[in-house]
Enquirer: 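Quick one: this structure, given as structure tokens, is what I'll be asking you about.
Because the structure is predicted, anything quoted here is derived from the model rather than measured. A, B, ... follow the sequence lines: proteins, then strands. Residue 1 opens every chain.
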Amino acid sequence: MLPMRGVIVDVDHDLGNREQTIIRLYVRGEDGSVHVIRKEYTPYFYVLSENPEDTVQKIRELSGVKSAEIVERFVRWEKKRVILVRVAHQKYINRIREKIKEMGGECREHDINVERKFLYEHGLEPLGGIDTETLSPVETRVEPVIAAFDLEVYAKDRMPEPDRPENEIIMASWVDSTGRRVVITTKDIERDYVVKVETEAQIISELNRLMREVDPDIVLTYNGDNFDLPYLRERARFLGMRIPWGRDGSEPRIRRGPTGNTTVDIAGRAHVDVFQIVQFMAGIGAINSIHLDLESVYEAVLGKKKVKIKHMDIADQWRSGDLGLLADYNLQDSIACYELGMEFLPLYVELSRITVSPLPNTTRMSASQLVEWTLIRRAFKMGKVVPRKPREEEVRARMMETYQGAFVKEPVPGLHERIVVLDFRSLYPTIIISHNVDPDTANAPYCSRENAYVSPVGHYFCKEPKGLIPGMLEEVLELRFALKDKLKKMDKDDPDYKPLYAKQKALKIVANATYGYLGFARARWYCKVCAEAVTAWARHYIKKVMKWAEEHGFTVIYGDTDSVFIKLGEDQTLEDALAFMGWVNERLPKPMALDFDGYYVRGIFLSKRRSGKAAKKKYALIDKKGRLKITGLEYVRRDWAEIAKEVQAKVLEYVLKEGDVKKAVDYVKRVIADVRAGKIPKEKLIIYTQIQKELDRYAARGPHVAAALKAMKRGVHIEPGMIIGYIITKRGSSISDKAELAQFVREGDYDPEYYVEHQIIPAVLPILEELGYDERALKQDAGQRSIFDFT
DNA sequence: TAATTCGCTAGACCGA
DNA sequence: TCGGTCTAGCGAA
């Protein structure tokens with residue numbers, strides 16, 4: 001093979017080889033060719049021992065050990081003599097570990113896989129450039145070949161099973177970066193993208209052919225982990241076929257996790273299940289959509305609509321319906337999956353490079369894993385031995401430890417004008433950096449308190465040397481701030497804009513999750529003392545800024561964690577507030593800094609519903625352009641009916657934009673009358689709630705549980721994690737009795753009193769009450785006849 | 001099985 | 001029937 005430059009699209013090791021550990025790098029070259037580079041690798045791990053000289057001798061005698069030598073590495077803050085053990089093959093590691101444990105040695109890094117170690121040692125990154133001759137990193141840009149596919153399966157009234165003959169694959173669509181857009185099916189359909197074949201088996205062979213000929217580096221699916229790929233593989237088997245999609249001719253490998261969830265790997269290609277990405281993005285709030293099905297997400301993320309056919313209707317459509325529509329739907333599934341994949345890939349390419357993890361791993365990682373792999377890579381660079389994972393009993397003990405979090409100032413309820421919001425830029429990360437907060441500097445014996453930062457709760461952190469975590473964060477933040485500056489000056493159409501934007505976003509995700517990681521019971525670098533100190537400093541600094549603001553003559557009306565809401569006096573301007581911000585920034589330890597978050601002409605802070613005291617985390621602001629920013633109110637909650645949210649937003653608009661409370665009250669009265677008249681359409685009455693555990697494990701049977709139980713009796717499948725939508729109907733005594741899944745409720749069948757008393761009034765009354773109105777004002781003439789109407 | 005704590009609110013539940 | 005307490009869910013940061 002000629003030496004060349006390219007991009008690493010996947011890395012694995014040859015599972016079939018039981019003699020040697022062979023690392024395989026799959027490289028897409030600058031000229032578009034694909035190469036597999038095979039390199040023998042000797043796996044290694046470390047052993048900590050009281051008496052390394054003795055232990056190393058004993059280890060050398062164990063079978064399967066290739067070599068053992070004493071090396072110097074950092075174990076926490078100390079430079080120590082540790083044993084580096086190299087083994088002949090991966091498969092020996094567990095047995096050798098057991099033996100070493102018996103000798104009293106402690107193993108480290110045995111659970112860090114060989115692919116990553118190989119990449120660390122060569123300074124390589126997945127989706128980064130490589131010179132195939134020297135195996136060293138190079139700067140290059142190569143576009144990987146990307147494909148998406150989707151199956152439609154014939155299933156009537158029940159989940160399809162691959163070994164039931166009638167549950168056949170009736171259609172498959174394929175979309176790729178070379179421009180192909182096809183639907184393969186066995187019926188004649190009037191669409192120019194349809195390829196007609198004779199049998200189900202031929203649909204599968206056609207997919208096999210596409211995989212071989214297009215040879216994609218990245219294969220995108222939407223829920224391919226749990227449906228399309230396992231089903232296709234099993235169905236092929238049922239038909240006596242194979243799907244040799246791996247670049248080594250292997251079939252997709254299905255790995256089952258502890259929850260029954262599966263991951264499907266295709267050797268040499270990166271199988272990216274876009275649904276996994278979507279779930280993660282929804283979890284961190286980057287996607288705001290109640291439902292995560294392909295149609296909803298396609299619209300929420302890209303603002304595009306596509307055809308939706310319910311799973312249950314596919315069989316009917318296939319037998320006697322509109323085949324063209326079914327084909328459109330199937331093709332659009334692949335197109336939507338492909339486009340969503342393209343939207344998120346730049347971000348995940350960067351996460352793969354930061355964490356030095358292949359794309360199939362990164363796209364399935366939790367926030368803690370992203371942080372941890374970033375730290376593991378850095379530990380390797382610094383010659384630090386990676387701490388082991390905690391044992392189950394340690395995890396349980398850690399979960400018992402709690403600590404105090406952020407400070408939230410009690411607001412001054414009511415209307416306010418001319419509000420300036422200042423907030424700390426990346427507060428927790430900058431505290432960690434400026435105070436060298438790290439598990440290895442925390443209360444460490446090697447420094448005195450004079451050479452340490454002492455937190456407000458008394459923990460101290462040695463100033464030197466720079467800890468692993470502050471070091472990582474410093475690098476991440478510096479890079480990110482530099483990128484953001486660069487992006488500001490760039491044209492959004494610049495081809496570099498998107499990858500750079502993705503990179504800063506990837507850095508943000510890792511930086512933001514790092515504090516939480518310190519308090520996460522399963523973390524290798526768990527440090528409760530650190531997390532506790534971070535929040536203590538955060539409380540200290542935010543209170544200090546509030547105090548300084550008051551001393552500068554400003555009125556502080558609210559603040560939460562890292563923000564300060566300043567109300568300008570008559571003789572104060574925005575510039576005064578910004579000057580104050582500059583003054584503060586000169587006094588904060590670097591890189592801590594206050595930022596200007598926004599200026600709002602008016603805002604309302606509410607009182608708590610039952611006690612009447614000021615409510616935290618509930619307010620609405622309006623800016624100069626008339627844009628509302630609603631925080632914490634029912635409007636932003638999915639477990640409130642649309643009708644209540646809509647009315648609340650309108651009321652806020654009348655009050656904040658037009659300053660017309662009377663108009664708001666009249667409007668609410670009209671809506672209440674409509675509700676009582678039964679005029680509200682079904683969709684606006686649905687309340688969405690997540691079922692968080694098995695239904696029989698609920699101690700309190702709330703409306704959502706009651707609705708779910710009733711639905712289950714009617715044959716609906718309910719499982720933890722599902723978001724269900726229910727409506728409070730007319731039939732029943734308690735609210736739970738009246739709750740029914742929306743799909744079983746007829747238009748007009750709702751309990752008007754529930755929606756008035758438990759949805760609309762609670763959503764608007766706290767707002768109106770701040771402005772001097774009470775409940776009676778809403779009820780007068782609100783469609784409810786007064787006694788005089790009858791006389 | 002996989003970032004944290006703070007805070008609000010609804011509705012069931014329970015005992016007087 | 002009332003009022004306090006507990007369970008549950010979701011959002012802010």
Enquirer: When you check the side-chain N and O atoms of A:R364 and A:Q276, is any donor under 3.5 Å from an acceptor?
Expert: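 Side chains of A:R364 and A:Q276: no pair found under 3.5 Å.
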Enquirer: Base, sugar-phosphate alone, or nothing: which one does A:K693 contact when heavy atoms must sit under 4.0 Å apart?
Expert: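 A:K693: backbone/sugar contact only, no base atoms under 4.0 Å.
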Enquirer: Angle class for the A:W537/A:F461 ring planes (parallel below 30°, perpendicular above 60°, tilted otherwise)?
Expert: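 Correct class here is tilted.
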Enquirer: Under 3.5 Å, is there a donor-acceptor pair linking the side chains of A:T535 and A:Q404?
Expert: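 Not at all, the side chains of A:T535 and A:Q404 share no donor-acceptor pair under 3.5 Å.
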Enquirer: Taking for each residue the nucleotide of DNA chain C with the nearest heavy atom, is it A:R610 or A:G632 whose nucleotide lies nearer the 5' end?
Expert: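 Here A:R610 is the residue nearer the 5' end.
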Enquirer: Whole angstrom is fine here: how far is it from CG in A:D639 over to C1' in C:dC10?
Expert: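 One finds 6 Å between C1' of C:dC10 and CG of A:D639, rounded.
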Enquirer: Categorize A:G405 for me: base, sugar-phosphate, or nothing, with a 4.0 angstrom heavy-atom threshold over every strand shown.
Expert: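 Sugar-phosphate: the residue A:G405, judged by heavy atoms under 4.0 Å, touches backbone atoms but no base.
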Enquirer: To the nearest angstrom, how far is A:M722 atom CE from C:dA8 atom P?
Expert: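 A:M722 atom CE is separated from C:dA8 atom P by 19 Å.
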Enquirer: Could you check which of C:dG9, B:dC6, B:dA3 has an atom nearest any side-chain atom of A:F520?
Expert: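 Nucleotide nearest to A:F520's side chain: B:dA3.
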Enquirer: Verify the distance criterion only: is there a donor paired with an acceptor across the side chains of A:T362 and A:S352 at less than 3.5 Å?
Expert: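 Yes, side-chain donor-acceptor contact under 3.5 Å.
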Enquirer: Base, sugar-phosphate, or nothing: which does A:K608 touch, judged by heavy atoms less than 4.0 Å apart?
Expert: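 Sugar-phosphate: the residue A:K608, judged by heavy atoms under 4.0 Å, touches backbone atoms but no base.
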Enquirer: Can you check whether A:Q692 has a side-chain N or O nearer than 4.0 Å to OP1 or OP2 of C:dC10?
Expert: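 For A:Q692, the contact criterion (side-chain N or O under 4.0 Å from OP1 or OP2 of C:dC10) is met.
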Enquirer: Expressed in angstrom and rounded to an integer, what is the separation of A:Y558 atom OH from C:dA12 atom P?
Expert: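 Taking OH of A:Y558 and P of C:dA12, I get 10 Å after rounding.
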Enquirer: Over all strands shown, is A:F407 touching base, sugar-phosphate only, or nothing at heavy-atom distances under 4.0 angstrom?
Expert: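 Counting heavy atoms under 4.0 Å across all strands, no contact is made by A:F407.
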Enquirer: Using atom NZ of A:K645 as one end and atom C1' of C:dC10 as the other, report the distance to the nearest whole Å.
Expert: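 Going from A:K645 (NZ) to C:dC10 (C1'), I get 11 Å.
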Enquirer: Is any side-chain N or O of A:Q369 closer than 4.0 Å to OP1 or OP2 of B:dA2?
Expert: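 False: A:Q369 side-chain N/O out of range (4.0 Å or more) of B:dA2 OP1/OP2.
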Enquirer: Can you check whether A:S736 has a side-chain N or O nearer than 4.0 Å to OP1 or OP2 of B:dA12?
Expert: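 Yes, A:S736 has a side-chain N/O under 4.0 Å of OP1/OP2 on B:dA12.
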Enquirer: Nearest to the side chain of A:K616 - C:dG9, B:dG7, C:dA13?
Expert: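 The answer is B:dG7, which lies nearest to the side chain.
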Enquirer: How close or far is atom C1' of B:dC8 from atom NE2 of A:H758, stated in whole angstroms?
Expert: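 In whole Å, B:dC8 C1' lies 18 Å from A:H758 NE2.
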Enquirer: What is the distance, rounded to the nearest whole Å, between atom CZ of A:R701 and atom P of B:dA12?
Expert: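 Taking atom P of B:dA12 as the reference, CZ of A:R701 is at 10 Å.
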Enquirer: Do other residues, nucleotides or ligands put more than 12 heavy atoms under 6.0 Å from A:K484 NZ?
Expert: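 Open: at most 12 neighbouring heavy atoms sit under 6.0 Å from NZ of A:K484.
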Enquirer: For A:Y403, which contact category applies under a 4.0 Å heavy-atom criterion: base, sugar-phosphate, or nothing?
Expert: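 The residue A:Y403 makes sugar-phosphate contact but no base contact.
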Enquirer: Please report the distance, rounded to the nearest Å, between OH in A:Y526 and P in B:dA2.
Expert: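 Rounding to the nearest Å, OH of A:Y526 and P of B:dA2 are 18 Å apart.
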Enquirer: Check this one for me: any side-chain N or O of A:T561 less than 4.0 Å away from OP1 or OP2 of C:dA13?
Expert: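 No, because none of the side-chain N or O atoms of A:T561 sits under 4.0 Å from OP1 or OP2 of C:dA13.
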Enquirer: Using a 4.0 Å heavy-atom cut-off across all strands, classify A:Y754 as base, sugar-phosphate, or nothing.
Expert: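 Touches sugar-phosphate only.
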Enquirer: Have a look at A:T514 and say if it touches a base, only the backbone sugar-phosphate, or nothing, with a 4.0 Å heavy-atom cut-off.
Expert: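 Touches nothing.
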Enquirer: Mark yes or no: A:K618 above the aromatic ring of A:F605, with NZ or CZ under 6.0 Å from the six-membered ring centre and no more than 45 degrees from the axis.
Expert: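 No, cation not above the ring by the 6.0 Å, 45° rule.
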Enquirer: Taking the side chain of A:S366 as its heavy atoms from C-beta onward, which of B:dG11, B:dA3, C:dA13 lies nearest to it?
Expert: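 For the A:S366 side chain, the nearest candidate turns out to be B:dA3.
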Enquirer: A:S734 side chain: which of C:dA13, C:dA8, B:dA12 is closest?
Expert: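 Side chain of A:S734 sits closest to B:dA12.
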Enquirer: What is the nucleic acid contact for A:A699, judged by heavy atoms within less than 4.0 Å: base, sugar-phosphate only, or nothing?
Expert: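 Sugar-phosphate: the residue A:A699, judged by heavy atoms under 4.0 Å, touches backbone atoms but no base.
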Enquirer: What's A:E401 touching, base or sugar-phosphate or nothing? Going by heavy atoms closer than 4.0 Å.
Expert: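 Nothing, no nucleic acid heavy atom in range.
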Enquirer: Taking the six-membered ring of A:Y750, is the NZ or CZ of A:K682 close enough (under 6.0 Å from the centre) and on axis enough (within 45°)?
Expert: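 No, A:K682 does not lie over the aromatic ring of A:Y750.
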Enquirer: Ignoring backbone atoms, test whether A:Q690 places a side-chain nitrogen or oxygen under 4.0 Å from the OP1 or OP2 oxygen of C:dC10.
Expert: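 For A:Q690, the contact criterion (side-chain N or O under 4.0 Å from OP1 or OP2 of C:dC10) is met.
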Enquirer: Counting distance alone, no hydrogens or angles: does the base of B:dA3 have a donor or acceptor under 3.5 Å from a partner atom on the side chain of A:R522?
Expert: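 No, the side chain and the base share no sub-3.5 Å donor-acceptor pair.
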Enquirer: Check the distance between C:dA8's C1' and A:E694's CD and give it to me in whole angstrom.
Expert: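 After rounding, the reported distance stands at 16 Å.
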Enquirer: Say we look at B:dA3 and C:dA12: how far apart would their C1' atoms be, to the nearest angstrom?
Expert: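 Nearest-Å result for B:dA3 against C:dA12 at atom C1': 15 Å.
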Enquirer: Among the candidates C:dA8, C:dC10, C:dA13, find the nucleotide nearest to the side-chain atoms of A:Y619.
Expert: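 When the side chain of A:Y619 is considered, C:dA13 is the closest of C:dA8, C:dC10, C:dA13.
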Enquirer: Which part of the nucleic acid, if any, lies within contact of A:R637, taking any heavy atom under 4.0 Å across all strands shown: a base, the sugar-phosphate backbone alone, or nothing?
Expert: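 Base contact - A:R637 has a heavy atom under 4.0 Å of at least one base atom.
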